[in-house]
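These notes concern the structure reproduced below.
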Amino acid sequence: MTSHPAAANGAFSIGGEYPVPRLGFGAMRLPTAAGPGRDGAVAVARRAVELGVRLIDTAHLYGWGANEELLAEALHPYPDDLLITTKVGVVRSEGPQRWSYDARPDSLREQVEQGLRRLRTERIGLLQLHRIDPKVAVAEQVGALRELQRAGKIGHIGLSEVTTSQLAEARQAAEIASVQNRYNLQDREYEPVLEACEAAGIAFLPWRPVAAATPARAKEIDAIATELGTTTPQLLLAWLLARSPVVVPIPGTSSPAHLEQNVAAGDLRLDRAQLRSLDLLAGPDTP
């Protein structure tokens, strides 16, 4: 894949229905417990919308629904052009991890109904399968979401943390509008998935988009950011935006200042030489 220095950092149409700016917001870090922290979280969510963010990502897993309820408290009634996407397929359990996969069709239907209730909406614009359940056929999992889509409960279907083969299999069962995989300058394990999404015009929502680099690489990346008069997170977000026109990063924060910096990264343009310098710093250090 080649970088796209001239790619517009403007909007990407998810599912052909939601033209969202190419910088979203991940709500996972917002505190949900009652008190000043929650009040601040509500303010950050509202500020994101004020700054022009139109894609906000949450999940049932984030506080077992508390994060969804927080967003509803902050933003309902939702602006017509705001896309709140949530994820299902992971449930509470008694095991050591306190969670387990559960994408059985009956369970997915119940999880979606609960998400609709918590988000105070009759339709979830983009519903993502949080993980592929290894105990259930991919076609069965995605097929259940397709039935909910036909029933008007879901607008578009997305996937999270999938391989190229899983994406291809899922696309046999339903139209896939988005993929949310771990991806950043230093971690490009899912480069083939991004390439598949670009070829198909599927939105690619990298989570952990500004993960810390190894110490040696971090120093060099910081130096490039300083030279450009920007912050390192802004630089890394700008690199993602230039990487492919289908990339829609969803950086998360509970800080209003960091939120504003992240959104401002959409205005940063990198030339070919700067992109080459960053590409040379990708991946682990070589011994």
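When reading the values below, keep in mind they use all heavy atoms of this one structure, side chains included, and skip hydrogens, waters and symmetry mates.
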Minimum heavy-atom distance between Pro209 and Leu236, given as atom pair plus value: O-CB, 4.4 Å
How many angstroms lie between atom CD of Gln274 and atom CZ of Arg276, to the nearest 0.5 angstrom? 10.0 Å
Say you draw a straight line from CG of Asn67 to CZ of Arg29; how long is it, rounded to the nearest 0.5 Å? 12.5 Å
Suppose we screen for side-chain hydrogen bond (donor to acceptor under 3.5 Å, both in side chains). Which residues come up paired with Asp80, at least two apart in sequence or across chains? none
Under the salt bridge (Lys or Arg N to Asp or Glu O under 4.0 Å) rule, what pairs show up with a residue in residues 92-101, not counting sequence neighbours? Glu94-Arg98
Who are the side-chain hydrogen bond (donor to acceptor under 3.5 Å, both in side chains) partners of Lys135, not counting sequence neighbours? Asp133
Under 4.5 Å between side-chain heavy atoms, hopping through other hydrophobics if needed: is there a path connecting Val246 to Tyr18? yes
Is it true that Val112 and Val136 fall in one hydrophobic cluster, defined by side-chain heavy atoms closer than 4.5 Å? no
Can you tell me how far CG of Leu159 sits from CG of Leu127, rounded to the nearest 0.5 angstrom? 10.5 Å
Between Arg109 and Glu147, is there a salt bridge with N-O shorter than 4.0 Å? yes
Please determine whether a side-chain nitrogen of the Lys or Arg among Arg104 and Asp102 lies less than 4.0 Å from a carboxylate oxygen of the Asp or Glu. yes
All heavy atoms of Leu278 vs all of Leu185, minimum pair found to be O-CD1, 3.5 Å
Apply side-chain contact (heavy atoms from CB on, under 4.5 Å) to Ala203 and list each qualifying residue two or more places apart in sequence or on a separate chain. Phe12, Ile14, Ser178, Leu205
With salt bridge (Lys or Arg N to Asp or Glu O under 4.0 Å) as the rule and sequence neighbours excluded, what pairs involving residues 245-262 come up? Arg47-Glu260
Are Glu122 and Lys153 close enough for a salt bridge, meaning some N to O gap below 4.0 Å? no
For the residue pair Pro233 and Leu235, establish whether any side-chain heavy-atom pair is separated by less than 4.5 Å. no
Could you verify whether a donor N or O on one side chain and an acceptor N or O on the other, from Gln128 and Thr85, lie under 3.5 Å apart? yes
Does the side chain of Asn184 reach to within under 4.5 Å of the side chain of Val210, using non-hydrogen atoms? no
Validation: residues 221-230 side-chain donor-acceptor distances under 3.5 Å, sequence neighbours left out:
residue	atom	partner	partner atom	Å
Asp222	OD1	Thr232	OG1	2.6
Thr226	OG1	Asp222	O	3.0
Thr230	OG1	Gln234	OE1	2.7

Gap separating the CD atom of Glu220 from the CG atom of Leu281, nearest 0.5 angstrom: 5.0 Å
Carefully, step by step, assess Ile132 and Glu161 under the rule side chain to side chain contact (heavy atoms under 4.5 Å, CB included). CA-CA 8 Å; Ile132 296 292; Glu161 211 66 0; over 6 Å; no
If you group Ile, Leu, Val, Met, Phe, Trp and Tyr by side-chain heavy-atom gaps below 4.5 Å, do Leu75 and Leu259 land in one group? yes
Members sharing Met28's hydrophobic cluster, built from side-chain contacts under 4.5 Å between Ile, Leu, Val, Met, Phe, Trp and Tyr, are Leu61, Tyr62, Trp64, Val90, Trp99, Tyr101
Where is the tightest heavy-atom contact between Leu237 and Pro249, given as atom of each residue plus distance? CD2-CB, 3.9 Å
Give a yes-or-no answer on whether the side chains of Trp239 and Asp279 include a donor-acceptor pair shorter than 3.5 Å. yes
Is there a path of hydrophobic side-chain contacts, each under 4.5 Å between heavy atoms, that joins Val91 and Val88? no
What closest approach, in Å, do Ser244 and Arg22 show between heavy atoms, and which atom pair accounts for it? O-NH2, 2.8 Å
Name all residues meeting the ring pair (Phe, Tyr, Trp, His ring centres under 6.0 Å) criterion together with His130; count only those two or more places apart in sequence or in a different chain, and write none if there are none. none
What residues form a ring pair (Phe, Tyr, Trp, His ring centres under 6.0 Å) with His76, not counting sequence neighbours? Tyr78
Does the salt bridge (charged side-chain N to carboxylate O under 4.0 Å, His left out) test come out yes or no for Arg146 and Glu175, once each step is laid out? CA-CA 9 Å; Arg146 177 65 178 127; Glu175 184 174 347; over 6 Å; no
Under the rule for salt bridge (Lys or Arg N to Asp or Glu O under 4.0 Å), what residues qualify as partners of Arg123, not counting sequence neighbours? Glu17
Passes side chain to side chain contact (heavy atoms under 4.5 Å, CB included), Arg54 versus Leu83? Steps please. CA-CA 6 Å; Arg54 287 300 179 268; Leu83 175 60; over 6 Å; no
Any salt bridge linking Glu191 with Arg243? Criterion: basic side-chain nitrogen under 4.0 Å from a carboxylate oxygen. yes
Pairing residues for Phe204 by the ring pair (Phe, Tyr, Trp, His ring centres under 6.0 Å) criterion, not counting sequence neighbours: Tyr183
OG1/Thr32 to CD/Glu68 distance, rounded to the nearest 0.5 angstrom? 11.5 Å
Would you check if Leu23 and Pro251 make a side-chain contact, meaning some heavy-atom pair closer than 4.5 Å? yes
Look at Arg182 together with Asp187 and state whether they make a salt bridge at an N to O cut-off of under 4.0 Å. yes
CD-CD1 distance between Glu113 and Ile124, expressed to the nearest 0.5 angstrom: 9.0 Å
List in chain and number order the residues that pass salt bridge (Lys or Arg N to Asp or Glu O under 4.0 Å) with Arg171, two or more places apart in sequence or in another chain; answer none if no residue qualifies. none
